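Notes follow the structure.
Only a predicted model underlies this, so the values are computations on that prediction, with no experimental measurement involved. Reminder, nothing fancy here: chain letters follow the sequence lines and each chain counts from 1.
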There are 2 protein chains.
Amino acid sequence: MVAPVANRTTDLHDVASTRLRARDQRYTRGRRAIIDLLARANAPLSIPQLLERDRSLAQSSTYRNLAVLEGAGVVHRIVSSDEFSRYELAEDLTEHHHHLICSSCGDVRDFTVPSALEGELDRALGRVAGDHGFAADHHRLDLVGTCATCA
Amino acid sequence: MVAPVANRTTDLHDVASTRLRARDQRYTRGRRAIIDLLARANAPLSIPQLLERDRSLAQSSTYRNLAVLEGAGVVHRIVSSDEFSRYELAEDLTEHHHHLICSSCGDVRDFTVPSALEGELDRALGRVAGDHGFAADHHRLDLVGTCATCA
DNA sequence: TTGTGACTGAGAATCGCTCTCGCTAGCTTG
DNA sequence: CAAGCTAGCGAGAGCGATTCTCAGTCACAA
Ligand SMILES: [Mn+2]
Ligand SMILES: [Mn+2]
Ligand SMILES: [Zn+2]
Ligand SMILES: [Zn+2]
């Protein structure tokens with residue numbers, strides 16, 4: 001329910017840069033390239049997909065930079081049963097949403113549910129967390145199945 | 001919303017045995033031991049946890065048997081960002097539920113939400129799936145945060 | 001220009017998980 | 001019961017995504 005911190009791409013880079021600097025880290029070319037790719041894509045990307053889209057990226061650096069960006073709260077890592085993890089911009093840089101996960105090809109697509117339902121969900125989950133002495137950070141709602149391509 | 005196929009432990013083993021036989025596979029001692037451990041536990045277990053609880057289990061066989069049991073639809077594998085996957089009985093052998101996932105220690109606990117909410121969720125997700133030409137198999141709702149133990 | 005500390009990338013290392021293979025065990029048929 | 005067939009077993013080798021190492025770079029400030 002919070003407005004995205006960055007709407008324009010320029011803002012996005014500013015936010016990324018600021019969050020990194022706060023941790024004594026630099027917003028280098030490789031890191032900016034990753035953010036650009038993730039912002040341009042309309043779905044979470046795996047490392048191979050990132051390397052394919054920008055051949056100048058080194059694999060080891062990309063792994064390292066994604067970890068750094070995740071630590072700085074700029075990027076979010078999605079671990080599924082697929083062979084590769086996927087990465088997307090952190091939610092406060094985009095908007096709260098959920099994922100359609102294809103268990104055949106591993107592809108992930110975004111979707112949202114009505115905010116009324118989202119609200120009910122949050123209330124119910126808040127109650128559950130309280131009952132268990134659990135400090136909730138965020139919820140995750142995925143729909144698992146077969147995508148249109150894998151028919 | 002479907003009643004569990006097996007309520008008693010005996011039934012559980014019968015179901016497991018039947019589902020394996022349907023695939024020309026046998027319900028051996030090691031496989032039965034795994035099912036027993038999962039039925040007794042009130043949370044999904046990782047392979048190390050299984051091996052610790054039953055020292056007679058061999059690691060490689062346990063990995064193989066869990067894969068077989070998953071293929072037969074008796075066991076469900078949960079992949080998280082924790083180092084180990086965790087396993088629980090398939091939902092039609094227990095009941096539909098969701099997970100509290102501790103991002104600190106990796107522990108997983110079950111919870112349920114009111115069936116009214118679950119129904120709304122299913123309706124909304126059905127609509128989403130239709131819009132995307134996605135053949136939904138099941139949904140997954142997790143609450144990620146820090147458990148009481150990790151405070 | 002120099003010093004400090006972060007970054008880079010090729011390759012080595014890690015480690016959960018899967019595969020291999022010689023042997024055992026369960027079931028079926030005669 | 002014996003023989004044949006197939007599934008299962010487990011120790012260890014292998015696999016592969018991810019992480020780590022380390023010798024050079026680069027950014028930035030003094
Ligand atoms: Mn997404
Ligand atoms: Mn569970
Ligand atoms: Zn697909
Ligand atoms: Zn914990």
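- Straight-line distance from the CG atom of Leu57(A) to the C1' atom of dT18(D): 17 Å, rounded to whole Å.
- Using a cutoff of 4.0 Å between basic side-chain nitrogens and carboxylate oxygens, Arg19(A) and Asp14(A) are not scored as salt-bridged.
- Arg23(A) places a side-chain N or O within 3.5 Å of a backbone atom of Gly71(A) that can act as its donor or acceptor partner.
- The nearest whole Å value for the distance from the CD atom in Glu83(A) to the P atom in dT18(D) is 9 Å.
- For the pair Tyr27(A) and Arg21(B), nearest-nucleotide mapping onto DNA chain C gives the more 5' position to Tyr27(A).
- You can see that DNA chain C meets the heavy atoms of chain B within a 4.0 Å-exclusive cut from dG16(C) to dG26(C), reading 5' to 3'.
- No engagement by Gln59(B) is indicated, since no non-hydrogen atom pair under 4.0 Å with the nucleic acid exists.
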Residues Asp107(B), Arg86(B); criterion salt bridge (Lys or Arg N to Asp or Glu O under 4.0 Å); working and verdict: CA-CA 9 Å; Asp107(B) 239 39; Arg86(B) 287 164 191 260; 3.7 Å; yes

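- Between Arg29(B) and Asp36(B), none of the side-chain N atoms (NZ, or NE/NH1/NH2) sits under 4.0 Å from a carboxylate O, so this pair counts as no salt bridge.
- Here the P atom of nucleotide dT19(D) and the CG atom of Leu69(A) are 13 Å apart, to the nearest Å.
- When the C1' atom of dA7(D) is taken as reference, atom CZ of Arg64(B) falls 10 Å away, rounded to whole Å.
- Whole-Å rounding puts the Asn65(B) CG to dA11(D) P distance at 14 Å.
- Rounded to whole Å, the distance from OH on Tyr63(A) to C1' on dT21(D) is 17 Å.
- The residue Arg23(A) sits apart from the nucleic acid: no heavy atom pair falls under 4.0 Å.
- At least one donor-acceptor pair closer than 3.5 Å links the side chain of Asp54(B) to the backbone N or O of Ser56(B).
- Atom P of nucleotide dC5(D) and atom CG of Asp24(B) are separated by 17 Å, given to the nearest angstrom.
- At a threshold of 4.0 angstrom between heavy atoms, the contacts of Thr28(A) are confined to the sugar-phosphate backbone, with no base atom among them.
- Residues His98(B) and His139(A) keep their aromatic ring centres 6.0 Å or farther apart.
- In terms of position along DNA chain D, the nucleotide closest to Gln25(B) lies nearer the 5' end than the nucleotide closest to the other residue of the pair Pro48(A) and Gln25(B).
- Judged by distance alone with a 3.5 Å cut-off, no donor-acceptor contact links the side chain of Arg31(B) to the base of dG8(D).
- Separation of the Tyr27(B) and His13(B) ring centroids falls under the 6.0 Å cut-off.
- For Ile34(B) and dG10(D), the CD1 to P distance is 10 Å, given to the nearest whole Å.
- Within 4.0 Å (heavy atoms only), Arg77(B) reaches sugar-phosphate atoms of the nucleic acid but no base atom.
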